[in-house]
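Notes to accompany the following structure.
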Amino acid sequence: MIEEINKYLSEQMKKVNELYCLIITDRDGVPIIKILNEKCPETSMKQPIFLSTFSTASDQASKLGLGKNESILCIYKNYQILQVNYFPFIIRYIASHKVNTGHMYTLHDHIKPVIEELKLSIGQSIVQ
Amino acid sequence: MVYANRVNTNEGVGVLLADNHGLCLSTAGDVDPKSSGIISAIAQHVSKLEPSSSTPVICISGDQGKILIKQGSNVTTAIFKPDTQSGS
């Protein structure tokens with residue numbers, strides 16, 4: 001099943017120009033699905049803190065009085081990183097700074113049903 | 001806004017404005033703001049067909065109507081027009 005999801009996500013990823021990688025992790029930053037191309041920055045893979053910082057940032061952002069934080073978009077000089085809270089997963093999109101942000105958000109909406117399937121199959125074990 | 005008043009008088013018509021990042025700036029009428037990313041991406045792709053000329057007006061025809069897209073310097077505008085619409 002994971003292979004099928006991988007294949008589907010890889011196809012979907014190609015639709016967004018300059019999108020380098022898509023990572024689905026649990027709340028601690030442990031990767032469950034990782035799809036990347038050669039342009040993906042190595043630091044994002046090798047530094048475990050990169051994957052776990054979002055949970056903390058999202059929890060803090062939820063305290064701003066605007067309800068529960070859903071996503072955080074970080075724009076850097078060379079990269080854009082979109083991180084979405086999708087309990088019990090965190091979905092990360094790493095792309096070039098030139099990427100069409102709205103298209104990346106649309107991609108997220110498109111892959112939601114697949115993530116739901118993943119949630120049904122392995123989500124319970126992550127929550128426990 | 002002028003376009004909002006126009007849209008209000010034409011049932012089914014919608015207008016969407018998106019920035020260069022594909023983020024929705026404003027909508028009026030019957031439009032899903034989530035389509036801003038795709039609208040902007042289409043405009044960016046099509047403008048690459050003839051980079052030397054000014055950005056074209058893109059017309060997408062479907063069973064239920066047409067979508068007209070025009071990319072400006074900072075804003076991409078899309079007009080959603082159902083087939084039943086006449087004139088204006």
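Lettering follows sequence order; numbering is per chain, from 1.
- Under a hydrophobic clustering in which Ile, Leu, Val, Met, Phe, Trp and Tyr are joined whenever their side-chain heavy atoms come within less than 4.5 Å, directly or via other members, A/Leu64 and A/Phe54 fall into different clusters.
- Atom NZ of A/Lys7 has 12 or fewer neighbouring heavy atoms from other residues, nucleotides or ligands inside a 6.0 Å radius.
- Atom CG of residue B/Asn20 and atom OG1 of residue A/Thr101 lie 10.0 Å apart, to the nearest 0.5 angstrom.
- With a 6.0 Å radius and a threshold of 12 heavy atoms from other residues, nucleotides or ligands, B/Lys34 has its NZ atom at or below the threshold.
- In the hydrophobic cluster analysis, where Ile, Leu, Val, Met, Phe, Trp and Tyr join through side-chain heavy atoms closer than 4.5 angstrom, A/Tyr76 is grouped together with A/Ile23.
- Counting non-hydrogen atoms of neighbouring residues, nucleotides and ligands closer than 6.0 angstrom, the CD atom of A/Glu116 exceeds 12 such neighbours.
- Just one residue in the list A/His97, A/Lys98, A/Met104, A/Gln80 forms a side-chain contact (heavy atoms from CB on, under 4.5 Å) with B/His21, and that residue is A/Gln80.
- Of all non-hydrogen atoms in A/Asn100 and B/Gln44, the two that sit nearest each other are ND2-OE1, 3.5 Å.
- Using a 4.5 Å cut-off between heavy atoms, A/Val99 contacts chain B through its backbone alone, with no side-chain atom that close.
- Neither A/Leu73 nor A/Leu66 shares a network with the other; the hydrophobic side chains, linked directly or stepwise wherever heavy atoms of I, L, V, M, F, W or Y lie under 4.5 Å apart, form separate groups for each.
- Contacts of A/Asp109 with chain B are made by side-chain atoms alone, with heavy-atom separations under 4.5 Å and no backbone atom involved.
- Side-chain atoms of A/Asn17 and B/His45, non-hydrogen and from C-beta on, do get closer than 4.5 Å to each other.
- When side chains are defined from C-beta on, B/Ile38 counts as touching A/His103, because their heavy atoms get closer than 4.5 Å.
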